[in-house]
Amino acid sequence: MTTQKSKTTVATFGAMKAEGKRISMLTCYDYTTARLIEESSVNAILVGDSLGNVMLGYPDTLAVTVDDMITYGAAVVRGVKNTMVVVDMPFMSYQVTIEEAVRNAGRILKETHCNAVKLEGGQSIRETIARIVAAGIPVMGHVGMTPQSVMQYGGFKVQGRGDEAAERVFQDALAVQEAGAFAVVLECVPAGLASEITQTLHIPTIGIGAGVDCDGQVLVTQDMLGQYCDYGPKFVRRFAQVGDTMRAAFNAYDEAVKGGEFPSEKETFS
Ligand code: KIV
């Protein structure tokens, strides 16, 4: 079913929180899937650096480059009209100097024509976010479990458990808001902490593994479709079993080719 939807922008994101409307977001990395999400009622797309895992087969997101994000980001933008597109800034594209961060954020915006960029981190990148926003580039923050810090964590682990850790995540979210971000992703934090942050901030929180009280939710599309099965985090719900459907279609094709039954006359030029 195709859905007509109104345009989602950085401004309507904020308005949705003010009106108590929940926000839906999915990752996407290609034109064909972007067209399908555009035809759904989902509000926003994240071209996440998770493309390192699901598109490129890396064990984490660390090897993803600005050029990768631009290639995949531009493909997604070409597939949408009313769906907001946020593109991740990859590891080491904003950590070295603020000048380099602004330049890379600008490149991503100019070369993909996305609506905003997303950066991982809180208090430590407050000034970086502020300078990117000051350059006219909308920023979505990302705090809690930030996958680009996987080596520091020693694995993908829930963050914000215990008073000290919770306070750190809380202050990170506040810092991101104060720096001028229009929204913030809360990843893998206890639901109670995410709820408290959501009630305190005036910008929308988008949760992934952060409970139901966030203003919105985001999932990796291949996870929620049952298409990417390298690992299945607790917070993923499979809304379809697309992997099974694809595997069955591949086998049916193979059988038809090998049985001499494909192509038929209908599929052949006379
Ligand atoms: O890269 C990504 O897909 C993300 C989401 C998990 C929030 O950052």
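Reckoned from all heavy atoms, side chains included, excluding hydrogens, waters and symmetry mates. Counting convention: from 1, in listed order, for ligands and their atoms alike.
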Please report which non-hydrogen protein atom sits nearest to [atom], along with the residue it belongs to and the distance in Å to one decimal place.
atom	result
atom 4 (C) of ligand 1	L46 CD2, 3.5 Å
atom 2 (C) of ligand 1	S50 OG, 3.3 Å
atom 8 (O) of ligand 1	K118 NZ, 2.9 Å

Any atoms of ligand 1 less than 4.0 Å from a non-hydrogen atom of [X]? List them with their elements.
X	value
T27	3 (O)
G48	1 (O), 2 (C), 3 (O)
D88	1 (O), 2 (C), 8 (O)
D49	1 (O)
H142	7 (C), 8 (O)

Within the 4.5 Å heavy-atom criterion, are [X] and [Y] side-chain neighbours or not?
X	Y	result
V176	H142	no
T200	I197	no
Q177	V184	no
D60	F91	no
T198	K17	yes

Of the backbone atoms (N, CA, C, O) and the side-chain heavy atoms from C-beta on, which set of I208 has a member under 4.0 Å from an atom of ligand 1: side chain, backbone, both, or neither?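 Contact part for I208 vs ligand 1: side chain (C-beta onward).
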Side chain, backbone, both or neither: L51 near ligand 1, heavy atoms under 4.0 Å: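 Neither part.
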Is the side chain of S195 donor-acceptor paired with the backbone N or O of A191 at a distance under 3.5 Å, no angle test?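 Between the backbone of A191 and the side chain of S195 there is no qualifying donor-acceptor contact (under 3.5 Å).
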Using the rule given for side-chain contact (heavy atoms from CB on, under 4.5 Å), can you reason through F156 versus V150, listing the C-alpha separation, both sets of side-chain angles and the distance that settles it, and then say yes or no? CA-CA 6 Å; F156 298 103; V150 61; 3.7 Å; yes
